[in-house]
Every structure is written in C-alpha cells, then in structure tokens.
Q: 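Have a look at this one before I ask anything.
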Amino acid sequence: MAQWSSLSEAIAAHVHDGDFVALEGFTHLIPFAAGHEIIRQGRRGLALVRMTPDLIHDQMIGAGCAAKLTFSWGGNPGVGSLHRFRDAVENGWPAPLAIEERSHSDLANAYVAGAANLPFAVLRGYVGSSFEPMCPHVRSIVCPFTGERLAATPSIRPDVAIVHAQKADHKGNVLLWGILGVQKEAVLAAKRSIVTVEERVKSLDAPANACILPGWVVDAVCLVPRGAAPSYAHGYYDRDNAFYLRWDAISRERESFRAWLKEHVLDTADFAEYLRVLAGKSSQEAVR
Amino acid sequence: MAQWSSLSEAIAAHVHDGDFVALEGFTHLIPFAAGHEIIRQGRRGLALVRMTPDLIHDQMIGAGCAAKLTFSWGGNPGVGSLHRFRDAVENGWPAPLAIEERSHSDLANAYVAGAANLPFAVLRGYVGSSFEPMCPHVRSIVCPFTGERLAATPSIRPDVAIVHAQKADHKGNVLLWGILGVQKEAVLAAKRSIVTVEERVKSLDAPANACILPGWVVDAVCLVPRGAAPSYAHGYYDRDNAFYLRWDAISRERESFRAWLKEHVLDTADFAEYLRVLAGKSSQEAVR
Amino acid sequence: MPAGFTSDEIMTVSAARMLRNGAICFVGIGLPSTAANLARLLHAPDAVLIYESGPIGARPAVLPLSIGDGSLAETADTVVSTPEIFRYWLQGGRVDTGFLGAAQLDRFANINTTVIGDYHKPDVRLPGAGGAPEIGISAKEVLVIVKQSRRSFVEKLDFITSAGFLTGGDARERAGIRGKGPIAVITDLCILRPDRETRELTVSSIHPGITREQIRANTGWEVRFSDDCGTTEPPGEEELATLRDLLARTAKAHGATGVAA
Amino acid sequence: MPAGFTSDEIMTVSAARMLRNGAICFVGIGLPSTAANLARLLHAPDAVLIYESGPIGARPAVLPLSIGDGSLAETADTVVSTPEIFRYWLQGGRVDTGFLGAAQLDRFANINTTVIGDYHKPDVRLPGAGGAPEIGISAKEVLVIVKQSRRSFVEKLDFITSAGFLTGGDARERAGIRGKGPIAVITDLCILRPDRETRELTVSSIHPGITREQIRANTGWEVRFSDDCGTTEPPGEEELATLRDLLARTAKAHGATGVAA
C-alpha cells in the first residue's frame with residue numbers, strides 16, 4: 001500500500017546495502033533524484049539492473065554504490081561512452097564491477113517474466129552471436145510441440161524497483177504516459193517499489209486504458225518535481241541535452257567527477273538543492 | 001495494409017472454408033456482424049477459436065459453419081448454457097464439433113505467444129486439474145535455471161482474426177478502448193485480419209498510449225455501425241441484455257433456432273437489414 | 001427457515017463477510033460478484049475487485065450481468081488487457097482472495113465446471129474452465145460460493161477443473177501448488193471449512209433454521225460436522241438492506257433476470 | 001572528393017535511398033535514424049519508423065538525440081511499451097528493414113558493439129548490444145550504416161553482438177536464422193553487398209572521388225570488388241537540401257552536437 005513520504009525516507013526504508021535494484025526509464029522519466037539519494041545515503045554493494053544505464057548509473061557506479069550491473073546498452077545517449085562505467089569495468093575503479101550483459105529484447109522479456117512470476121523468459125534471440133558461449137545466463141529451451149530451439153534467460157526479480165512518473169493521487173495511484181519503457185514491468189517484477197512523481201493530484205483523470213500503477217502495488221510515493229532531470233518528463237519539461245554533453249567532460253577524469261559529485265550530490269541536502277546548485281552553475285557559465 | 005471495404009467483400013476475401021478463425025471480444029465489442037456474414041456466406045469446416053464463445057459462436061455452430069472450437073469458457077453470460085454448442089458437442093448436430101479446451105490464462109498466454117511469434121506459451125497453470133491427463137495440448141516444460149516444472153501450451157496462430165472496434169481513420173488505423181480483452185493479440189497473432197468499426201473518422205485523436213492497431217497490420221476495415229450488437233461498444237451503445245435472455249428460448253430447440261436464423265440472418269442482405277428485422281420484432285413484442 | 005431472510009440471502013451475506021477490507025479479490029461472475037460487491041458496500045470499502053476481463057479496482061453501482069460490463073471499466077482504477085490480468089496480476093501473485101462459483105465440487109473442494117459424464121462423450125457439457133484453474137492455484141486463498149445439493153456436492157468429480165485439496169492431506173502442497181486453496185465453501189445451508197489434517201470439507205457453521213439432516217440430504221458424501229460447529233449469525237438489518245437495495249438497483253438497470261442474485 | 005557534398009552526406013543519402021516507401025523500419029539511433037528520416041522526407045513518406053523505446057510510425061520534425069525523445073512519442077501513430085516493441089513488433093516478424101549502426105564489423109557483416117579485447121578483461125568496453133542481436137535475426141532484411149576505417153572494418157571480431165552471415169556461405173541459414181540479414185553496408189567511401197555465394201561483403205558501388213586504394217586502406221581484410229562495381233550516384237540537389245535542412249533544424253533544436261549527423 002503506497003505511503004506518501006520524502007524521498008530520503010523512502011530510500012532509507014526500502015534500499016539496503018547489497019540489494020538488487022532496478023532504476024528504470026527508457027530515455028524518458030529517468031529517476032535521477034532517486035539515484036542521487038542512493039549516492040547521498042552511501043549505499044554499497046548494490047546489484048543494479050537497467051536496460052539503458054546512462055548518466056545516473058555512471059554517477060552511482062563512480063560513487064562506489066555498485067558491485068554489479070545487469071544491462072543491455074550502457075552509454076551516454078547521443079554523446080558517447082560512460083566514462084565511470086568504463087573505468088569500473090576496465091580498471092576496477094572505484095570498485096570492481098561485475099556485469100551481466102543482455103540484449104534489449106532479452107532484458108525486456110526478462111522483466112515481463114518477472115512481472116508474470118515466471119522463473120525464465122523465452123525469446124527468439126542471440127542466434128549466431130557470442131552471447132551464448134560467453135554469457136552463462138543465456139541458455140536454450142526446446143518447444144515441446146514443434147521441437148524448435150529458442151533462447152531462455154532468467155527472469156528479473158529486483159528487491160526494489162524505482163521509477164519516476166508524472167502524477168499520483170492521494171492514494172498513491174500512479175499515472176505515466178508517453179514513452180513507457182519497461183517501468184510497469186519493473187515495478188511489478190520487484191518485491192518493493194518507490195515511485196517519484198512530478199505532481200500530487202486529487203484525481204488522476206486518466207484516459208481509458210492509460211498506464212496506471214495502482215497504489216497497492218507501490219510501497220512509497222515521493223513528490224519530487226523535476227525528479228527526472230536532466231532527462232525529461234512528457235508534459236512537464238524537456239530533456240537538458242546540454243547537460244548530457246557536459247557530462248562527457250565532467251566524467252572523463254576521476255578527479256573532475258569526484259569534485260562534481262561532492263559539490264552537487266554529496267554536499268547537497270536533497271534534489272531541490274541539487275537543482276539550485278546546478279542552476280547557479282549554468283547561469284555562471286552562460287555569463288562567461 | 002488496411003483496405004476499407006464492405007463486410008461482405010472482406011469476409012469473401014479473407015475467410016475461406018476450413019480456415020482457423022478467431023473472432024474475439026471479451027463481452028465487449030463482440031464482432032456479431034462479422035459472424036453473421038460468415039453464416040450468410042455459408043462457410044464450412046471452420047476451426048473457430050475464442051476465449052469466451054457466446055451467442056455469435058452458438059449461431060455459427062448451429063448454422064453448421066464450424067468443425068472445431070478452441071475455447072476456455074462457452075456460455076451465455078449471465079444466462080446459462082449455449083444450447084447449439086451443447087447440441088453439437090453432445091449430439092453432433094448439425095455436425096460433429098471437435099473441441100480444444102483451455103483455461104482463460106492458457107488461451108490468453110497462447111495468443112500473446114502467437115503475437116510474439118513464439119511456438120508455445122509458458123504459464124503457471126493447470127496444476128492438479130484433469131487437463132494435463134485429458135487434453136493433449138497441455139504439456140510441461142522445465143525451467144533451465146531453477147528446475148521448476150511449468151505448463152506449456154501451443155501458441156494460437158489463426159489464419160484470420162476478426163474484431164470490432166470503435167473507430168478507424170482513413171488509413172485504417174484502428175482505436176479501441178474500454179474492456180480490451182485479447183483483441184490486439186488476436187490480430188497480431190493472425191496471418192490476416194478484419195476489423196469492423198462503429199465510425200470512420202478523419203483523425204483518431206487518441207490519448208497517449210491508447211490501444212491502437214496501425215492500419216498496416218490490418219487487412220480489411222469495414223464500417224458497420226452497431227456491428228457488435230447485442231453486445232456493446234463503449235461510448236456508443238449498451239448491451240442488449242434482453243436479447244441474451246431471449247436467446248435462451250430461441251436457441252433451445254433446433255427448429256426455433258433454424259427459423260430465427262433463416263429470418264434474421266440467411267434471409268437478410270446484411271447487418272443493417274438484420275437490425276431492422278430485429279427492431280421490428282422487438283417493437284411487435286413490446287406491443288403484445 | 002426463520003422469517004426475515006432467504007437462504008440465498010444468508011449465503012450471500014455469509015460469503016461477503018469473509019472478504020476482508022483491503023483484500024485484492026479476483027471475482028467470478030454471478031454469486032461471487034454479488035458477494036464481493038456486497039462486502040465492498042458494507043465492511044470492505046477498500047477491497048480491490050479485479051475482473052478477468054481487465055478492470056482493476058471496479059466499483060460498479062449495480063451488479064454486472066457479464067464479466068465485462070461497461071460499468072466495470074468506467075468505475076475501475078485502470079483497465080488492462082485480459083492477458084495482462086492473467087499474467088501480471090493473477091499469476092503475478094498479487095491476488096489475496098479468489099472468489100469462485102462451482103457447478104460441482106467434491107469433499108476436498110476440487111471443482112468441476114467442465115463436463116458431467118465422459119469427457120469425450122459428455123452427458124452434460126458445462127461452460128468450461130474460464131479462469132478457475134489458475135485462480136485456484138495462484139490466489140493466496142480461495143472462497144467458494146455455491147448452492148448445496150446432491151447434484152453440486154458429489155462423491156466423485158468427472159473432471160477436476162480447478163484444484164482444491166486434491167486427494168486431501170498434503171496432496172495440494174505435494175503437487176507444488178503455492179496458494180492455500182479453498183479456505184471456506186459458503187452454501188445456502190451452511191459454511192464448510194477444510195479439516196486441518198484431512199482437508200475434507202467439514203461443516204463449521206449451520207445457517208439458522210437448517211438441520212443437520214437437511215445438510216446430509218443435500219451432500220453427495222457422508223458429510224462431517226466440526227466439533228465446534230455453531231450457528232451462522234443471521235444477516236443483520238444493514239446487511240439485508242444493502243443486499244436488497246443492490247439487487248433491486250441491478251434488476252432495475254438490467255431488467256430482472258434473477259441471475260445475478 | 002568532388003565539390004558539393006561531404007562523404008558523410010553521400011553516406012547518409014545512399015543509405016536513405018535503400019529504404020523503400022512503405023517499409024516497416026526498425027531504426028537505431030544516430031546514423032540510421034538520420035538516414036531513415038531523410039528517406040521519409042524524400043521518396044518514402046509512407047515508411048513506418050519504429051523506435052525501440054516504443055513509438056510506432058514516428059515522424060519527428062527534427063532528429064531525435066536519444067532513442068526515446070518526446071518528439072518521437074508526439075508524432076507517432078501509437079506508443080507501446082518497450083517489451084511490446086520487442087515481443088509483438090520485432091520478434092513478431094513485422095519489421096521489413098532493420099537499420100543498424102556498428103562499432104566494428106567483419107567481412108561477413110557480423111557486428112560487434114560489445115567489447116574490444118578479451119570479454120572479461122576488455123581493452124575497450126563498448127555500450128553493448130541494445131536491440132542489435134534480435135534486429136539482426138528478426139528483421140526481414142538489415143541495412144548497416146557505418147564509417148569505414150581499419151578500426152571499424154576488421155579481420156576478426158572479438159565478440160559477435162549481432163549475426164551477419166557468420167562464417168559465410170549458408171552458415172546463417174544453417175544456424176536457423178529467419179531474416180535475410182545485411183543486404184547492404186553503406187559507408188562514407190562505398191556500398192558493400194554480400195557476394196551471392198560466399199556472402200563476403202564486396203564493394204558494389206564506389207562513391208564519386210573515392211579510389212579503390214582508399215577503400216583497401218580503410219578495410220581490415222583484403223576487400224573484393226564486384227565485377228559490376230560502379231560509381232555511386234552523387235546526392236541530388238533535393239536530397240542534399242533536404243538533408244542539410246534536417247540537420248540544421250536539428251542543430252537548432254538541440255544545440256549543435258554533431259552527433260545526429
């Protein structure tokens with residue numbers, strides 16, 4: 001049953017060291033504020049999962065929160081590599097990062113299987129690739145009717161899923177729209193879930209068949225305006241493309257990353273303060 | 001690519017004797033007009049599939065169109081048995097009817113597997129029931145990761161799927177809303193598809209993430225106002241509950257059924273005329 | 001039968017009482033839907049009613065005649081596809097209480113809604129399984145509501161559509177079924193519950209005015225009565241008024257069919 | 001290089017020309033997205049662009065910077081969930097043309113976007129597979145657009161992310177893959193197509209002003225030229241104007257990043 005709470009309370013209550021944590025968002029509605037709060041609270045040893053880990057995962061990995069990453073595409077979309085992710089994989093900094101690598105189709109199916117309480121997913125996948133020899137989670141299964149061989153992979157069942165959405169009502173019923181990604185499946189596949197939202201409303205006033213998470217499948221709902229920035233929230237604000245570009249320079253070296261993290265995340269009280277600090281920076285840069 | 005056409009042209013072009021045909025609709029948006037046209041055109045030997053075969057399937061079976069029915073619940077919802085269906089199964093009238101019986105969960109999963117181009121579906125199903133010994137399509141499969149045993153059933157891949165929807169635009173993009181049932185999956189699982197609609201519109205003006213079938217996955221779109229009657233079309237007209245009750249008496253005996261079918265379906269040119277004949281009857285009855 | 005209420009009314013009221021407030025309830029059409037909605041109007045306003053056609057959190061003003069009435073969609077928190085209902089919501093393990101009807105059941109609360117007689121040459125072809133096989137195994141617990149007679153309470157089923165306790169004892173657990181199974185069967189005569197050891201359905205409460213002889217006469221096996229078997233609390237005024245009001249509204253909306261009761 | 005257009009421009013225009021009008025196209029971000037949208041603005045107004053984030057039938061006014069830009073959702077015929085895209089639409093067999101980029105490829109058009117060096121101790125960790133493994137096998141045919149160099153066109157891949165023709169000949173069919181595979185690789189120097197027998201990528205068309213020597217120097221294997229190897233038709237005025245206009249609008253909308261080109 002959804003409890004309205006502050007984000008710091010929600011992370012403290014539901015995300016523990018060593019947990020298997022899904023933060024999802026396919027370019028849209030990425031839960032940046034929640035990721036920052038995980039960093040602030042100093043979580044360690046997390047096994048993270050995300051289809052498209054990007055800046056927020058680069059930050060959590062660089063901050064030392066993660067021991068493992070399950071993913072299908074890890075990059076700065078439209079810009080290039082994730083330097084902190086690469087540094088962890090290539091050099092073990094700040095800690096070694098185990099990876100479980102999948103394709104989008106696999107991971108999307110594996111979330112679906114998790115939401116459906118199945119132990120594995122079946123897909124037409126990976127044929128001819130190096131995944132099956134190299135990645136032990138890719139196995140095969142034979143159709144009991146046709147004899148066809150298909151790929152089978154383990155379902156994803158996170159300890160906790162964290163997503164951002166546009167609205168929730170007082171009961172914690174959550175509405176999201178636009179690019180939906182795999183957020184519904186992530187929440188339904190997880191044991192616990194936290195949803196940050198742009199707006200708390202009296203009534204969702206949702207159209208028929210909209211994507212809604214009933215409050216009783218959510219554990220904590222937190223009001224965090226702009227909580228998906230620098231990604232975007234459809235109907236609320238646009239993607240801050242300039243930040244994605246700036247991140248390439250910030251994250252390239254360990255020292256510049258550490259300085260940025262300290263000033264923007266570790267030394268800020270919450271996401272609202274982070275946004276103020278960031279806004280100050282941007283206006284300074286604009287003045288130069 | 002969707003072609004706008006008359007329903008009689010669409011049935012003539014896409015439904016052939018012996019085809020495997022899905023007419024879907026979970027209480028809502030049942031394609032009655034299309035079922036009548038199949039009867040009118042005298043199709044024989046059809047293998048029909050529907051989760052909840054009701055009056056329209058009773059009519060097609062009683063008219064002699066069907067050789068087989070795959071289903072999970074066959075009845076007159078809220079009223080009782082389907083007499084024509086029972087007569088076919090119990091007594092082979094007017095023709096023997098083979099049945100492939102499933103549960104809702106199975107058949108829903110089997111349509112999903114069909115839409116996803118998989119040969120089989122996996123579900124937690126049937127444990128402890130008589131299905132596995134009695135029904136050869138229920139087999140089991142072992143999870144390659146956990147060793148758990150689950151049910152496996154063949155996917156549904158109809159030759160043609162027929163559904164009714166609220167609206168389509170000039171390109172044949174189709175919008176439906178309300179109780180969606182398994183219609184999208186049925187269309188995507190089938191080789192060909194026919195959609196009858198209440199209304200042809202310039203633009204669908206659909207909300208984000210509405211249930212839409214793009215015109216290029218549909219073969220024929222037919223304008224058939226009230227084409228789901230006596231079931232209902234959300235936003236257009238209500239369910240004619242009285243007709244469901246009357247059907248019990250009409251269908252109970254072979255002769256009363258045959259007389260009804262001749263007058264209402266075989267001797268009418270199309271669904272519009274059927275509705276006029278039916279309306280005449282109802283007003284006569286109301287006068288008595 | 002005492003004056004003041006019918007056997008159908010005490011059956012429905014007794015069933016409704018068993019649905020706890022806040023429970024996520026997967027509702028079959030007919031008697032289960034009547035009982036679940038009555039509970040929602042009485043002590044369980046926060047019960048979440050899920051119908052297999054797609055509505056989650058439905059609050060219909062009148063009883064639906066079919067499992068997919070428009071009123072269910074209009075009043076629900078959300079309406080998803082039927083595959084999603086079965087995959088993410090029922091199989092997903094989110095349902096507390098599965099509320100089932102039955103054509104026939106046996107002493108271990110196994111249910112048949114498929115066929116009477118030989119499967120391949122049936123005497124009576126029933127509507128079939130619907131959601132029952134998976135509701136019976138995936139819901140955390142199951143309530144069964146059914147009118148009691150020798151036709152419905154039989155010694156041996158011709159087909160098990162939905163597993164109860166199978167052959168009794170720990171047979172259900174040994175089959176690997178996760179949900180607890182039928183915790184009560186509510187009829188127009190009494191309430192039966194599974195014996196703790198044998199899991200045989202045992203009369204635990206007899207409706208006022210009903211005799212043990214009547215129950216025996218309407219049960220196809222030698223029915224047992226629990227040691228602490230008591231008398232069912234008769235329907236209270238509010239319970240009766242709410243039920244009658246609901247049925248009257250329903251009859252007015254649909255035309256009286258007698259079915260939804 | 002002749003005056004009037006850049007090597008990037010002829011690459012994008014050549015790739016765009018290969019997308020037929022009405023094709024259902026699964027679009028990767030970056031170069032494929034540029035080419036597919038250019039095609040849509042030129043000869044293929046009825047091409048249906050599917051992005052893996054969920055939009056089906058997207059018609060963005062400017063190029064998306066990410067695979068899930070809001071403009072894709074706003075202009076699409078419908079937006080479904082990401083699982084649905086991969087399950088019902090790609091795996092469902094509805095995609096005619098998969099449009100891929102590549103970090104590296106080999107002579108049989110196998111693609112690597114995973115890792116350079118040892119998988120477990122990589123020299124360079126690339127972003128990973130994304131949708132490529134299943135686009136490569138489920139789309140009816142695949143187009144690859146990639147800048148040509150000895151770093152991208154290599155003798156041997158460290159990891160096959162997405163299957164091309166595997167070891168050549170009928171290896172792809174023998175592996176049970178249904179889709180036809182890469183029918184063309186379009187680079188900034190030339191167009192390569194698989195040889196009918198060996199399936200080795202063979203230069204079938206050389207961009208104006210490019211020499212065979214340049215192509216050899218930028219290919220990590222001993223590249224072959226087809227017997228009827230010709231010269232690529234230079235970009236026409238309308239093609240160039242449309243591409244430049246699209247890129248200018250995009251730069252204005254996003255701030256110039258140089259990435260989307």
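Proteins get letters first, then strands, A, B, ... in listed order; numbering begins at 1 in each.
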Q: Is the backbone of D/Phe159 close enough, under 3.5 Å, to the side chain of A/Ser130 for a donor and an acceptor to pair up by distance?
A: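 Not a single qualifying donor-acceptor pair exists.
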Q: Which heavy atom in A/Ser129 sits nearest to a heavy atom in D/Thr161, and how many Å separate them?
A: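 For A/Ser129 and D/Thr161, the tightest heavy-atom pair comes out as CB-O, 3.7 Å.
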Q: Could you report the tightest heavy-atom contact between A/His234 and D/Ala73, atom names first, then the distance?
A: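 What the structure gives for the nearest pair is CE1-CB, 3.7 Å.
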Q: Side chains of A/Glu101 and D/Tyr119 only: does a donor on one sit below 3.5 Å from an acceptor on the other?
A: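 Yes, because at least one side-chain N or O of A/Glu101 sits under 3.5 Å from a partner of the opposite role on D/Tyr119.
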Q: In Å, rounded to the nearest 0.5 Å, how long is the span from CG of A/Asn241 to CG of D/Asp69?
A: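 Interatomic distance, A/Asn241 CG to D/Asp69 CG, rounded to 0.5 Å: 6.5 Å.
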Q: Given a strict heavy-atom distance threshold of 4.5 Å, which part of A/Arg149 is in contact with chain D: side chain, backbone, both, or neither?
A: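 Neither part.
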Q: Select one option (side chain, backbone, both, neither) describing which atoms of D/Arg178 are under 4.5 Å from chain A's heavy atoms.
A: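 Answer is side chain: those atoms of D/Arg178 sit under 4.5 Å from chain A.
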Q: Taking A/Gly235, A/Ala108, A/Cys211, A/Ser105 one by one, which has the highest count of heavy-atom pairs under 4.5 Å against chain D?
A: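 Most pairs with chain D among the choices: A/Ser105.
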Q: Heavy-atom distances under 4.5 Å only: say whether A/Glu148 touches chain D with side chain, backbone, both or neither.
A: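 Only the side chain of A/Glu148 comes within 4.5 Å of chain D.
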Q: Which atoms of A/Leu123 come close to chain D, meaning under 4.5 Å heavy atom to heavy atom: side chain ones, backbone ones, both, or neither?
A: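 Contact with chain D: backbone and side chain both.
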Q: Could you look at A/Val112 and say if it's the side chain, the backbone, both or neither that has a heavy atom under 4.5 Å from chain D?
A: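 Contact with chain D involves the side chain of A/Val112 alone.
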Q: Relative to chain D, which segment of A/Arg239 carries a heavy atom at a distance below 4.5 Å: side chain, backbone, both, or neither?
A: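 The side chain, not the backbone.
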Q: Rounded to the nearest 0.5 Å, what's the gap from CD1 on A/Ile30 to OG on D/Ser66? Could you check?
A: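 Between A/Ile30 CD1 and D/Ser66 OG, I get 8.0 Å after rounding to 0.5 Å.
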Q: Side-chain contact test, heavy atoms from C-beta onward, threshold under 4.5 Å: evaluate it for A/Val89 versus D/Pro122 and give yes or no.
A: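 A side-chain contact exists here, since the closest heavy-atom pair is under 4.5 Å.
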Q: Side chain from CB out, backbone as N, CA, C, O: work out which of these in A/Tyr126 comes under 4.5 Å of a heavy atom of chain D, or both, or neither.
A: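 Both the backbone and the side chain of A/Tyr126 come within 4.5 Å of chain D.
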Q: Relative to chain D, which of A/Met134, A/Met51, A/His28 shows the most heavy atom pairs under 4.5 Å?
A: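 Most pairs with chain D among the choices: A/Met134.
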Q: For D/Pro83 versus A/Gly181, what's the shortest heavy-atom pair and its separation?
A: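 Shortest heavy-atom contact: CD-O, 3.5 Å.
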Q: Do you know which of D/Pro127, D/Ala163, D/Gly54 has the most heavy-atom pairs with chain A at a distance under 4.5 angstrom?
A: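 Going by pairs under 4.5 Å, I would pick D/Pro127.
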Q: Under 3.5 Å, side chain of A/Glu90 to main-chain N/O of D/Lys121, donor-acceptor pair present?
A: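 Absent.
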Q: Under a 4.5 Å heavy-atom cut-off, does chain D meet the side chain of A/Phe85, its backbone, both or neither?
A: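 For A/Phe85, side-chain heavy atoms alone lie under 4.5 Å from chain D.
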Q: Quick check on the interface: out of A/Trp73, A/Trp177, A/Phe71, who has the most heavy-atom pairs with chain D under 4.5 Å?
A: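 Heavy-atom pairs under 4.5 Å are most numerous for A/Trp73.
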Q: Any donor-acceptor pair under 3.5 Å linking the side chain of D/Glu134 with the backbone of A/Arg124?
A: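 Not at all, since once roles are kept as given, no pair shorter than 3.5 Å links the two residues.
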Q: A quick test of your reading: do over 12 heavy atoms of other residues, nucleotides or ligands sit less than 6.0 Å from CD of D/Glu173?
A: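 Yes, the 6.0 Å shell around CD holds more than 12 heavy atoms from other groups.
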Q: A/Ile179 and D/Pro55: which non-hydrogen atoms are nearest, and at how many Å?
A: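 That closest heavy-atom pairing would be CD1-CG, 3.5 Å.
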Q: State the CD-CG distance between D/Glu84 and A/Leu180, to the nearest 0.5 angstrom.
A: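 Rounded to the nearest 0.5 Å, the CD-CG separation comes to 10.0 Å.
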Q: Which pair of heavy atoms, one from A/Ser103 and one from D/Pro133, lies closest together, and at what distance?
A: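 That would be CB-CG, 3.7 Å.
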Q: Looking at D/Ile137, D/Asp158, D/Val79, which one has more heavy-atom pairs under 4.5 Å with chain A than the rest?
A: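 The candidate making the most pairs under 4.5 Å is D/Ile137.
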Q: Go through A/Ser72, A/Gly75, A/Ala242 and name the one with the most non-hydrogen pairs under 4.5 angstrom from chain D.
A: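 Option with the top pair count is A/Ser72.
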Q: Counting heavy-atom pairs under 4.5 Å with chain A, which one of D/Leu126, D/Val80, D/Ile29, D/Asp123 comes out on top?
A: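 Going by pairs under 4.5 Å, I would pick D/Asp123.
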Q: Evaluate whether atom CZ of D/Arg151 has more than 12 neighbouring non-hydrogen atoms of other residues, nucleotides or ligands under 6.0 angstrom away.
A: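 It does not: D/Arg151 CZ has 12 such atoms or fewer within range.
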Q: Just so I know, are the side chains of A/Gln183 and D/Thr82 near enough to count as touching, which here means a heavy-atom distance under 4.5 Å?
A: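 Counting from C-beta outward, A/Gln183 and D/Thr82 never come under 4.5 Å.
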Q: Which heavy atom of D/Ile160 sits nearest a heavy atom of A/Gly128, and at what distance?
A: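 Nearest pair, atom of D/Ile160 first, then A/Gly128: CG2-O, 3.6 Å.
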Q: Relative to chain D, which segment of A/Tyr111 carries a heavy atom at a distance below 4.5 Å: side chain, backbone, both, or neither?
A: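 Neither part, no heavy atoms under 4.5 Å.
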